[in-house]
2 protein chains.
Amino acid sequence: MSEPMTLAEKVFTELTTAIVRGELRPGDRLSEQTLVERYGGSRAPMREAIQRLEARNLVKRVPHAGARVVSLTTTELRDIYEVRLELECMACRLAATRMTDDEIQELYALLKEHEDSIAAEQGLAYYQKAGDLDFHYRIIKGSKNSRLYQMLCGDLYHIVRMYRYQTSTSSKRPPQALQEHKRIVEAIAARDAELAELLMRRHIQTSITNLETRLAEEEGRQ
Amino acid sequence: MSEPMTLAEKVFTELTTAIVRGELRPGDRLSEQTLVERYGGSRAPMREAIQRLEARNLVKRVPHAGARVVSLTTTELRDIYEVRLELECMACRLAATRMTDDEIQELYALLKEHEDSIAAEQGLAYYQKAGDLDFHYRIIKGSKNSRLYQMLCGDLYHIVRMYRYQTSTSSKRPPQALQEHKRIVEAIAARDAELAELLMRRHIQTSITNLETRLAEEEGRQ
DNA sequence: ACGTTAAGGATTGTAGACAATCTTATGTCT
DNA sequence: AGACATAAGATTGTCTACAATCCTTAACGT
């Protein structure tokens with residue numbers, strides 16, 4: 001029932017997924033006329049959709065010159081990951097004191113699920129990634145900080161996805177990641193905020209270095 | 001030369017200052033027609049201006065129902081200050097390792113200026129507040145993290161200002177704040193990132209409690 | 001051959017009108 | 001009197017057209 005009621009919003013979500021999936025590459029131009037031909041309707045809603053993309057930093061608009069999908073420099077990407085690291089650690093710290101016991105139980109259930117999927121090898125890379133995202137999502141929610149949620153899941157999430165989607169998860173990572181997740185949940189259950197934050201920091205940092213080495217490999221291959 | 005070249009941008013900046021200054025109170029309605037009558041032009045640019053305000057979380061828009069200046073609940077305000085505290089501490093930590101020696105010298109110069117203005121009593125509350133903002137601004141810039149700057153100075157800044165502008169700075173605070181600023185700069189100059197972060201955290205936390213007590217007083221008076 | 005400049009085309013910014021939706025006020029019923 | 005349904009009014013969402021600006025291409029001069 002939460003279908004986009006307005007055309008502008010519809011086009012906005014379509015474009016968002018297109019960008020995140022890489023169907024629209026960084027640097028690609030978004031002309032209003034092209035969008036009209038692709039999605040139908042008039043220029044006004046397309047214009048509004050583009051503007052909302054700009055608000056989420058998915059496209060960059062230059063007055064009188066049009067909009068392009070953002071193409072981040074290495075330092076800009078570093079900046080984003082730096083902020084994301086800090087905010088998620090903060091979320092984990094807050095979650096340790098603010099999550100309800102029920103929510104913590106749900107975290108345990110999620111871990112169990114994840115564990116089974118790894119043992120059964122049923123979980124392919126994509127599914128495991130979804131599980132990982134779900135884990136982080138719940139902890140962010142558990143911080144009970146609306147603005148924090150908005151920043152991490154609304155703004156930063158898409159950008160991070162956009163530059164991570166194409167890269168496949170490494171094969172050996174999931175079991176180790178699961179162990180890290182377990183320890184984090186235990187720290188939260190023990191209401192040890194500082195430990196939970198520390199573990200989350202370590203967890204994300206290793207996943208970042210993992211990503212960096214993989215990006216470096218791809219860079220070298222080309 | 002950075003004059004807004006487009007009408008939409010012009011209206012956007014006008015409305016931003018109007019909201020921050022409190023000329024537009026939280027909950028006030030922003031009808032496109034009203035803006036046309038006030039600023040001239042057509043509905044299209046007004047619409048775009050409103051949309052950009054929404055992107056900065058200064059107004060909230062409901063489809064087919066119009067836009068209103070955001071009116072934050074107490075918990076939402078707490079959430080914002082929580083995030084702002086964390087991000088500024090992060091900025092301070094990064095600044096301690098990334099600021100150039102020249103930039104640190106400029107910080108010292110700013111402190112001196114500030115000190116003189118207090119001694120001469122020439123600085124009224126408004127001027128002192130500007131000095132305080134300048135101090136924080138430079139440290140954020142010194143973090144050399146573009147996204148961090150964007151979040152703190154672009155998004156959170158206006159909201160915080162909006163709920164702080166009306167309240168006058170307490171009389172005894174400036175000298176103490178200056179001392180805290182001095183220590184922070186010294187920590188940065190010593191390249192002691194952790195200390196700088198700690199001092200900044202303490203500094204902001206006291207200013208927050210200061211604000212809260214003053215808000216409580218105003219609340220009680222009404 | 002290269003840089004500069006001017007005209008043409010394409011794209012964005014703005015304007016005004018119509019259609020769809022919500023809000024408000026009125027009237028009716030219980 | 002209060003709650004609910006209905007209709008008028010107002011507001012937003014969308015469409016089309018026009019003006020302003022930018023980008024491209026081609027011509028020109030050095």
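Below, each value reflects all heavy atoms present in this structure, side chains not excepted, and no hydrogens, waters or symmetry copies.
Straight-line distance from the CZ atom of B:Arg68 to the P atom of D:dT12: 10 Å, rounded to whole Å.
The ring-ring contact (aromatic ring centres under 6.0 Å, His included) test applied to A:Tyr157 returns no partner, not counting sequence neighbours. By the side-chain contact (heavy atoms from CB on, under 4.5 Å) test, A:Glu103 pairs with A:Met99, A:Thr100, A:Lys144, sequence neighbours left out.
By the 4.5 Å heavy-atom criterion applied to side chains, B:Arg201 and B:Cys89 are counted as neighbours.
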Run the numbers on B:Arg84 and B:Glu88 for salt bridge (charged side-chain N to carboxylate O under 4.0 Å, His left out), then give the verdict.
CA-CA 6 Å; B:Arg84 181 236 178 181; B:Glu88 256 199 79; 2.9 Å; yes
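Under a 3.5 Å cut-off, the side chain of B:Arg191 and the backbone N or O of B:Ala96 do form a donor-acceptor pair.
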For nucleotides 11-20 of chain C, just jot down a letter per nucleotide in 5' to 3' order: B, S or -, based on protein non-hydrogen atoms under 4.0 Å.
SBBBBBB---
